[in-house]
Engineer: 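The structure under discussion is supplied below as structure tokens; questions concerning it will follow.
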Amino acid sequence: MKTALITGITGQDGAYLAKLLLEKGYHVVGLLAHRSTDPFWRLSYLNIHTEIEFNDGDLTDLSSLIRVVKKIKPDEVYNLAAQSFVGASWQQPILTSQVTGMGVLHILEAIRATNPQIKFYQASSSEMFGLVQQSVQSEETPFYPRSPYGVAKLFGHWMTKNYRESYSMFTCSGILFNHESPLRGLEFVTRKVTHAVARIAVGEQKELRLGNIDAKRDWGYAGDYVEAMWLMLQQPNPDDYVIATGRTSTVRDMCQIAFSHVGLNYEDYLVIDPQFYRPAEVDILLGNPDKARKQLKWEAKTSFEELIQLMVEADLKRIREE
Ligand code: NDP
Ligand code: GDP
């Protein structure tokens, strides 16, 4: 039986990845940072909370990482922990750099010091492309991050590559474009919209306040994307891969899909609120997943419409059960 250590197991991707690895027969260990008041809500939603071993640790505390890696002797480490919200990274740029950037180096060092044979996955991000240098972004596209989050992720990405080249470690970087689900945090625009649509539909909310609705993203489903993480670590050689759908849509398109799913017109409820504009914006992201398709035999299965509709349905169900 293989053992996998997942940092960020209480987050969206951590929950879906834990479920996938449990289904594949892994012993799944989660690093628990004890940051939120109800850290297990996502794992409970997927009904897997009791099947996971938890160990205390924090990405900013190298000693805790060394202790956990030594104790559980993982075959694979998936580093998903981060301060992951772009908007918050301007309010907390130093914390974001310490967790989302330096944290990657800490876990790489913990692995190198303990057992450099451990396979490593780094959750890199399309936010590294930021002010896009090519209209469609692939593994070859130059980076130009536009937020403290994007800068921190770029540091983690290059460290992951550097440890592969310096120490021949099996380190992979997944450059994942936005991926969403009913387990997405409420601060992200998709879930903010689907949650608001559900509340408006049952009469609990009157309007939805958003910032830049012309921003375009390549949105996929988190449940599809975690499989790509696992596939990267099953290849004969470590590498970096773009994971995306190859289609981009605006925030406005997303609102239209979500509201019309409950028979409403988004224009009757949407209020543009400048407080949600960002100091620097990423106007458009569009990924080219060809390499993942060819080498990993991976492709996104869930369409953008299906994704938004399933998120609205999940929010409606939750609200009705409250
Ligand atoms: P989430 O924000 O849902 O999860 C982040 C996780 O990191 C949580 O479990 C959180 O714990 C944990 N965490 C935060 N700070 C620390 C710390 N100091 N030490 C240990 N754990 C910590 O993110 P997602 O699941 O959406 O994303 C997973 C990863 O993929 C992140 O690194 C994200 O930046 C990256 N990514 C995500 C994309 C997306 O569209 N979802 C796109 C590209 C990359 P707690 O619950 O206590 O807060
Ligand atoms: P990001 O791509 O990781 O920043 O994911 P988000 O879901 O946070 O934001 C996606 C896009 O939606 C960005 O271009 C935001 O500027 C835009 N957006 C517009 N209004 C909002 C809002 O109210 N909240 C968030 N989070 N994003 C918004």
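Both counts, for ligands and for their atoms, begin at 1 and track the order of listing. Residues: numbered from 1 along the sequence shown.
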Engineer: Under 3.5 Å, is there a donor-acceptor pair between the side chain of Arg199 and the main chain of Glu204?
Structural biologist: yes
Engineer: Would you call Phe85 a ligand 2 contact, heavy-atom distance under 4.0 Å?
Structural biologist: yes
Engineer: Just to be sure I'm reading this right: ignoring hydrogens, which of Gln98, His179, Met229, Met128 gets closest to atom 40 (O) of ligand 1? Compare them by their nearest heavy atoms.
Structural biologist: His179
Engineer: Under 4.0 Å, heavy atoms only, figure out whether ligand 1 is touched by the backbone of Leu59, its side chain, both or neither.
Structural biologist: both
Engineer: Where the closest heavy atom to atom 5 (C) of ligand 1 is concerned, which of Ala82, Ala15, Pro39 has it?
Structural biologist: Ala82
Engineer: Show me the donor-acceptor pairs within less than 3.5 Å that the side chains of residues 117-124 make with the rest of the protein, sequence neighbours left out.
Structural biologist:
from: Lys119; atom 1: NZ; to: Leu233; atom 2: O; distance (Å): 3.1
from: Gln122; atom 1: OE1; to: Asn79; atom 2: ND2; distance (Å): 2.8
from: Ser124; atom 1: OG; to: Ser173; atom 2: OG; distance (Å): 2.7

Engineer: Ignoring hydrogens, just give me the one of Ala33, Gly8, Gly14 whose non-hydrogen atom is nearest atom 12 (C) of ligand 1.
Structural biologist: Gly8
Engineer: For atom 14 (O) of ligand 2, which of the options Glu281, Glu180, Arg252 provides the nearest non-hydrogen atom?
Structural biologist: Glu281
Engineer: What about Tyr149: any of its N or O atoms under 3.5 Å from an N or O on ligand 1?
Structural biologist: yes
Engineer: Could you give all pairs that pass the side chain to side chain donor-acceptor pair (under 3.5 Å) test and reach residues 236-247, with sequence neighbours left out?
Structural biologist: Lys161-Asp240, Arg164-Asp240, Asp218-Thr245, Asp239-Lys291, Tyr241-Gln295, Arg247-Glu305
Engineer: To check your reading of the model: name the closest protein heavy atom to atom 4 (O) of ligand 2, its residue, and the distance in Å.
Structural biologist: Arg278 NH1, 2.6 Å
Engineer: In the protein, what heavy atom is nearest to atom 46 (O) of ligand 1, and what distance, to one decimal place, separates them?
Structural biologist: Thr10 OG1, 2.7 Å
Engineer: Which atoms of ligand 1 sit under 4.0 Å from any heavy atom of Lys153?
Structural biologist: 31 (C), 32 (O), 33 (C), 34 (O), 35 (C)
Engineer: Would Arg320 and Glu313 pass as an ion pair if we require N to O under 4.0 Å?
Structural biologist: no
Engineer: Give me the residue, atom name and distance of the protein heavy atom closest to atom 31 (C) of ligand 1.
Structural biologist: Leu80 O, 3.0 Å
Engineer: What protein heavy atom is closest to atom 17 (C) of ligand 1, reported as residue, atom name and distance in Å?
Structural biologist: Asp58 OD1, 3.5 Å
Engineer: Out of Ser124, Gly11, Ser84, Gly174, who is nearest to atom 2 (O) of ligand 1 when you count heavy atoms only?
Structural biologist: Ser84
Engineer: Among all the protein's non-hydrogen atoms, which is closest to atom 30 (O) of ligand 1, and how far away is it?
Structural biologist: Ala123 CB, 3.4 Å
Engineer: At a 4.0 Å threshold, what atoms of ligand 1 neighbour a non-hydrogen atom of Val99?
Structural biologist: 15 (N), 16 (C), 17 (C), 18 (N)
